[in-house]
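Here is the structure we will look at, set down as structure tokens.
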There are 2 protein chains.
Amino acid sequence: MPTEPADTRSRLVEAAFAAFAQSGYRASVSRIAARAGVARQTLYNHFPTKEALFSEAVALAVHRVLVSLEGGGDVRETLLRFAAAYRARVLSPQGLAVFRTLVAEAPRFPHCAQQFFREGPAATRKRLATYLAAAMQAGELRSDDPQFAAEMLTAMLADTDRLRRLFGLAPKRAGEARRCARVVDCFLRAYAPERN
Amino acid sequence: MPTEPADTRSRLVEAAFAAFAQSGYRASVSRIAARAGVARQTLYNHFPTKEALFSEAVALAVHRVLVSLEGGGDVRETLLRFAAAYRARVLSPQGLAVFRTLVAEAPRFPHCAQQFFREGPAATRKRLATYLAAAMQAGELRSDDPQFAAEMLTAMLADTDRLRRLFGLAPKRAGEARRCARVVDCFLRAYAPERN
DNA sequence: CATGGACTGGACTGTCCAGTCCAGTCCAGT
DNA sequence: ACTGGACTGGACTGGACAGTCCAGTCCATG
């Protein structure tokens, strides 16, 4: 093989990921090949069709969407860390671009969209729910459905600002930390342990 | 004019709206004309370009996105009515289709996207915030930033299920009313008046 | 040095589409 | 009965793009 360790194939997938994120499925095969620094025919040596390449690019995206959750410290501290990480991931230009493309193409690539959802947002919420369940058990949070609670927290963290950005409005960059704190405190009020 | 009261022009806009919602901007001019029962040239007699037609279709969509909020009864009842109306609008197949198309095309039609956002989600939240502010004044809700509170409530109402549906997962149709009630009650816990 | 596999790049096909042009039809109001 | 404006429908241009074909290059290995 006359090419460097950075596989031609993975360069192609990477280029496809970037191109699809930027331009949606409209991104042309020629441009993707150019972006990867490769002849168009080479692309077709690795992927039979544009669809196949798209699927592969989505698979790459899937590996980049899980948001971590590290315990340690009290509940509020843990949730604050999670909040910052979640918002950073979801509201980043890349996160939004991937979201945009996948939402647009979900009808044409239902399998990709579902895979992304399950291994991204759904998995993240599941982890969060597990943590919340433990905190409920420990009496640090009101005893309730942890899955539902996780859904509420992630919704409050992302929804408004995601919409704003998706529709092209200014990010309100100031006060990211403050925003996290307000949301987490709102959540903690709703899920404070019942008094006696 | 040889045509019926239902203006050729409005038939075209209606057809464009439906086509763009269904297929995104990919929807072809020919198909839109056919859907309106009209020759392609007639379409071009009314709109100079496809872009112009798209803008017009979005303008139509804008008039369909405001969610009503009727006071009357206590706070919980009012919010429950709002919750049901909001979810019905936002999670309907049409609401989701419009969302999908606009999110996808926002980079190409920033003006349309912003207009939609301002007169849709933003306006709805503004109304809700006004109501919440009054309830806070009346001591029925904890005194706090009403705009932020409105953002939290709308986020909790829509985010999770919108994502689920956008990514092609089953709607969990059962228990719509119950879902509304759970969210509203969660909100009311977070915004209960501070005890003394 | 020879061979084979990966890559190159340009030409080509078929398809779809936006937008233009035009000759003709149909009908409402005068 | 005539006229003008709206609509029709089919032909056409030019461009973009997915996918195919192929003759040739480059290089690592044997």
Side-chain angles (χ1 to χ4, degrees), chain A residues 1-59 100-102 104-105 107-112, chain B residues 1-60 100-102 104-105 107-109 111-112:
Chain A
M1 311 124 185
T3 356
E4 295 90 83
D7 236 355
T8 301
R9 184 187 175 89
S10 39
R11 286 226 313 280
L12 275 167
V13 176
E14 198 69 50
F17 172 83
F20 286 135
Q22 189 181 73
S23 318
Y25 195 68
R26 266 192 279 272
S28 85
V29 170
S30 307
R31 282 198 223 290
I32 293 171
R35 193 165 195 152
V38 133
R40 199 168 64 252
Q41 184 52 42
T42 301
L43 188 154
Y44 281 106
N45 289 343
H46 289 271
F47 306 94
T49 64
K50 190 183 181 183
E51 274 93 356
L53 179 57
F54 185 81
S55 296
E56 207 80 6
V58 171
R100 204 190 294 279
T101 295
L102 269 168
E105 299 308 330
R108 294 224 282 168
F109 295 90
H111 186 75
C112 287
Chain B
M1 309 119 181
T3 356
E4 296 89 84
D7 236 355
T8 301
R9 185 186 176 89
S10 40
R11 286 227 312 279
L12 276 166
V13 177
E14 197 68 50
F17 173 83
F20 286 134
Q22 187 181 74
S23 317
Y25 195 68
R26 265 192 281 272
S28 84
V29 169
S30 307
R31 282 198 224 289
I32 292 171
R35 194 165 193 152
V38 133
R40 197 170 64 252
Q41 185 51 42
T42 300
L43 188 155
Y44 280 106
N45 288 343
H46 288 273
F47 307 94
T49 63
K50 190 183 182 184
E51 275 93 355
L53 179 58
F54 185 80
S55 296
E56 208 79 6
V58 172
L60 176 64
R100 203 189 295 278
T101 295
L102 269 168
E105 299 308 329
R108 294 224 283 169
F109 295 89
H111 186 74
C112 288

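Values reported hereafter were calculated over all heavy atoms of this structure, with side chains retained and with hydrogens, waters and symmetry mates removed. The shown structure was predicted, so the numbers you read here are calculated from the model rather than taken from an experiment. Lettering of chains follows the sequences in order, A, B, ..., and the numbering in each one begins at 1.
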> Nearest to the side chain of A:Gln41, which nucleotide is it out of C:dC17, D:dT20, D:dC17?
Replying inline: D:dT20

> Should the heavy atoms of other residues, nucleotides or ligands under 6.0 Å from CZ of A:Arg35 be counted, would the total exceed 12?
Replying inline: yes

>> Can you identify which nucleotide, out of D:dG19, C:dT8, C:dG19, has its nearest atom closest to the A:Glu51 side chain?
In response: D:dG19

> Nearest of D:dT8, C:dT8, C:dG19 to any side-chain atom of B:Asn45?
Replying inline: D:dT8

> Which sits closer to the 5' end of DNA chain D, A:Ser30 or B:Ala39, going by the nucleotide each is nearest to?
Replying inline: B:Ala39

> When only distance counts, do a donor and an acceptor, one from the side chain of B:Arg40 and one from the base of D:dG9, lie under 3.5 Å apart?
Replying inline: no

> Which nucleotide sits closest to the side chain of B:Tyr44: C:dG19, C:dT8, D:dG19?
Replying inline: C:dG19

> Any side-chain heavy atom of B:His46 within less than 4.5 Å of one from B:Glu56?
Replying inline: no

> Any idea which heavy atoms bring A:Leu12 and A:Ala36 closest together, and the distance?
Replying inline: CD2-CB, 3.8 Å

> Is there a Watson-Crick or G-U wobble partner for C:dC26 with both distances under 3.5 Å, and if so, which one is it?
Replying inline: D:dG5

> Looking at the side chain of A:Thr42, which of C:dA18, C:dT8, C:dA11 is the nearest nucleotide?
Replying inline: C:dT8

> C:dA6 phosphate, OP1 or OP2: any side-chain N/O from A:His46 under 4.0 angstrom?
Replying inline: no

> Does the ring of B:Phe20 carry B:Lys50 above it, NZ/CZ under 6.0 angstrom from centre and within 45° of its axis?
Replying inline: no

>> So, does B:Thr8 get its side chain near the phosphate of D:dC7, meaning an N or O under 4.0 Å from OP1 or OP2?
In response: yes

